[in-house]
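Inspection log for the structure reproduced underneath, given as structure tokens.
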4 protein chains.
Amino acid sequence: MRTRIVEESMKQFDKNGFTGTSIVDITQALDVTKGTFYYYFDSKEKLLMEIHLMYIKNLLEKQQVILQQPMNATKKLEAIVELLLHSILSDGLSGRVFFREMRHLKNNNEQTIITYRKKFRQNIEKVLLQGMANGEIKKGHVKIVALGILGVTNWSYQWFDENGDVSIEELTTIFVNMILTGIKE
Amino acid sequence: MRTRIVEESMKQFDKNGFTGTSIVDITQALDVTKGTFYYYFDSKEKLLMEIHLMYIKNLLEKQQVILQQPMNATKKLEAIVELLLHSILSDGLSGRVFFREMRHLKNNNEQTIITYRKKFRQNIEKVLLQGMANGEIKKGHVKIVALGILGVTNWSYQWFDENGDVSIEELTTIFVNMILTGIKE
Amino acid sequence: MRTRIVEESMKQFDKNGFTGTSIVDITQALDVTKGTFYYYFDSKEKLLMEIHLMYIKNLLEKQQVILQQPMNATKKLEAIVELLLHSILSDGLSGRVFFREMRHLKNNNEQTIITYRKKFRQNIEKVLLQGMANGEIKKGHVKIVALGILGVTNWSYQWFDENGDVSIEELTTIFVNMILTGIKE
Amino acid sequence: MRTRIVEESMKQFDKNGFTGTSIVDITQALDVTKGTFYYYFDSKEKLLMEIHLMYIKNLLEKQQVILQQPMNATKKLEAIVELLLHSILSDGLSGRVFFREMRHLKNNNEQTIITYRKKFRQNIEKVLLQGMANGEIKKGHVKIVALGILGVTNWSYQWFDENGDVSIEELTTIFVNMILTGIKE
DNA sequence: GATGAATGAGAATTCATTCAT
DNA sequence: AATGAATGAATTCTCATTCAT
């Protein structure tokens, strides 16, 4: 039931937003009562937090796997971009909810998620530094560059259409090239 | 009064979000009554729409000026990136509200804004095409590339801190370089 | 409308208790909507606080009038007992609500009322001291004696029946005698 | 377990009131589940009733012992006042719960407790009558006098502080004197 | 004896909106 | 132009209770 609630709520948060989705909406869709919801979750925010934690923890784990592989910095960056695009776009719901609704977490919860996000960015920064050290990557302001890369990938949840004319694979190729070699001839 | 309402509401939407701001919050801050608000605006959404229109129209006008200048495609792209970063980050409020709260526009209104946004993107695509035609820019999928550029710039509203260690000017330089020549050595 | 809400709520608090009375109960009895209630009162507790303040302030004012009259201590005590019994029993509702529901005030509000109540008791103590000083009243622990007197009077809200076989006037006489000269032959 | 539930609930009713204490509060404190509670008690009210019955039956038994002793009326009244003050204040919890929460008993249950309370009062009345008959006590309205005595004692649960500057023994002496001989010199 | 999942009725509160003045 | 009273639908959350296991 817990899982069913999470899944249904992600669907609805994705469609109507956190604020636009009421507890009743979720429980009615599952054909249970409001009480059931509150048996499993102390509050609406706790549910949102759970969705966020699931998403970011999973992402960090996968990033960790990439970091530990015997690849050069460029390849690692490629892998991370691919990871992000896949998890935002094909894993779908949770990614969009993650990027849109974080604002509705309060105080402690928000800080926790911010910390995880920071961790992810700092891991990218490490790869950049490593690449700069061995001459693969141009020297520069690693934090801003990392945020630039995250901009390219994370913005996708705003516009990507699964049924559009570009597949995630193509998208990944285009964005990886763009990030690595720019758009200038 | 109309202007005062718009300004106060932008402040509060920026701080507490559209949903997190009530009409009373706005009118109390202006020391008027709710009735006054409804004398000037038919609904809360109309107000949000006005803020959106102001922002995107202003942006499109400024983009138009850039497009009509006698510069090559690269320079034009640089100018557009600069325009976006300035209007998101230093013009401040309206930009952040624009990027965060569009979801609260319904049907027609949402479509109108989407159309304007699309216009802005298509203008970037035109510059890209022009650049590809004369050999300045690598040939590629213009729409996706445009969306990549917009990702780099628009994502900034999520993390940029006016009091942080990087100025908007530095940020512009870093991002322009990144977009044009990539990060690879 | 404000007054009507206060009056209706007192009736219902008296009958069903603070917790046993919902906002809907009050508004339905007045044939208005819940919104109307919240237009006049920020919360259910604010309403309860208002009832408490009305009652205790009125009581303190009347007590003040007694204190300033040119009577000896014994007469003043008689007058205060009479005041209490009348305001608890014949003024009716507000007294019973005051004695029963104070527990539902939180923090600040509770403290405020406690302070007022203390003031009332301390005024009784002053009269007792005055009476002890000029030989009217037996020397003793004024605070406890004051609380004993208040016990006799305040407990009445628990059992007094307006339609019973004893009138308030008779009650006052009996209690005044009891307090002054005791029950022993 | 039954006993543990009663004890824990008295603690919590005393602290947060009957309405302010949920079944979960009680069971969590005992580290059992809600089901367990309902295995032992049919409802929350049944539990409250049990606490009330325990208290008043115990009180009536002790009163009976006093009544049967070979003492004059004055001594018996002294003993009853002492009994009440001790059981409200030092036996503690149950007394405070008894006097505060009776209102939450419904219909039959309330009537039962009212009957027991009436019994207790009538026993006091009997002693008063006996005292009046043999010239110990002033002739008067026994019911009202009894209620006056109960006011002095029962009101104590409202303000008595175990850690205050007056002990129960001192309190008893003061109140017995006050009831018997009054406060007038 | 005890559990834990589920219920469902109801509670306080919020808030955009209307409208007569 | 502006007010202020009133609305009513929706929202989050609470909690005593049930019941199959």
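Residue numbers begin at 1 in each chain, while the letters A, B, ... track the order of the sequences.
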Pick the nucleotide of DNA chain E nearest each of A:T36 and C:F37; which residue has the one closer to the 5' end?
->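 Here A:T36 is the residue nearer the 5' end.
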On DNA chain E, nearest-nucleotide positions of C:V24 versus B:S22: which is more 5'?
->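 Nearer the 5' end of the strand: C:V24.
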Could you tell me if the ring centre of C:Y116 sits under 6.0 Å from that of C:F120?
->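 Not close enough - the centres of the two rings lie 6.0 Å or further apart.
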I need the [atom1]-[atom2] distance between [X] and [N], as an integer number of Å.
X     : N      : atom1 : atom2 : value
A:I26 : F:dC13 : CD1   : C1'   : 14 Å
D:I5  : E:dG1  : CD1   : C1'   : 11 Å
C:K44 : E:dG10 : NZ    : C1'   : 12 Å
D:F13 : F:dA16 : CZ    : P     : 9 Å
C:R2  : F:dG4  : CZ    : C1'   : 14 Å
D:I23 : E:dT3  : CD1   : C1'   : 16 Å

Taking all atoms of both residues into account, what is the closest heavy-atom pair of [X] and [Y], and its distance?
X     : Y      : value
B:S9  : B:I51  : OG-CD1, 3.7 Å
B:S87 : B:Y55  : OG-OH, 2.8 Å
C:E45 : C:H104 : CG-O, 3.8 Å

Compare side-chain N and O positions of D:Y39 against OP1 and OP2 of E:dA2 and report whether any pair is under 4.0 Å apart.
->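 No, D:Y39 has no side-chain N/O under 4.0 Å of OP1/OP2 on E:dA2.
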N or O in side chain of C:Y38 less than 4.0 angstrom from E:dT14 OP1/OP2 |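 So the side chain of C:Y38 is outside the cut-off, no N or O lying under 4.0 Å from OP1 or OP2 of E:dT14.
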What is the nucleic acid contact for [X], judged by heavy atoms within less than 4.0 Å: base, sugar-phosphate only, or nothing?
X     : result
D:Y40 : sugar-phosphate
C:T33 : base
C:V32 : sugar-phosphate
D:T21 : sugar-phosphate

Across all strands, who's sitting opposite F:dT3 as a Watson-Crick or G-U wobble pair, both distances under 3.5 Å?
->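 Here F:dT3 is engaged in a pair, and the nucleotide opposite it is E:dA20.
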For the base of F:dT7, is there a side-chain donor-acceptor partner from C:K34 under 3.5 Å away?
->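 No such pair is found, so the answer is no.
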If you pin A:D25 and D:S43 to their nearest nucleotides in DNA chain F, which one's is more 5'?
->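 Nearest-nucleotide comparison on DNA chain F picks A:D25.
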Would you kindly compare D:G20 and D:D42 by the position of their nearest DNA chain F nucleotide and give the one closer to the 5′ end?
->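 The residue mapped nearer the 5' terminus is D:G20.
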A:K44 and A:E101 ion-paired at < 4.0 Å =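 No.
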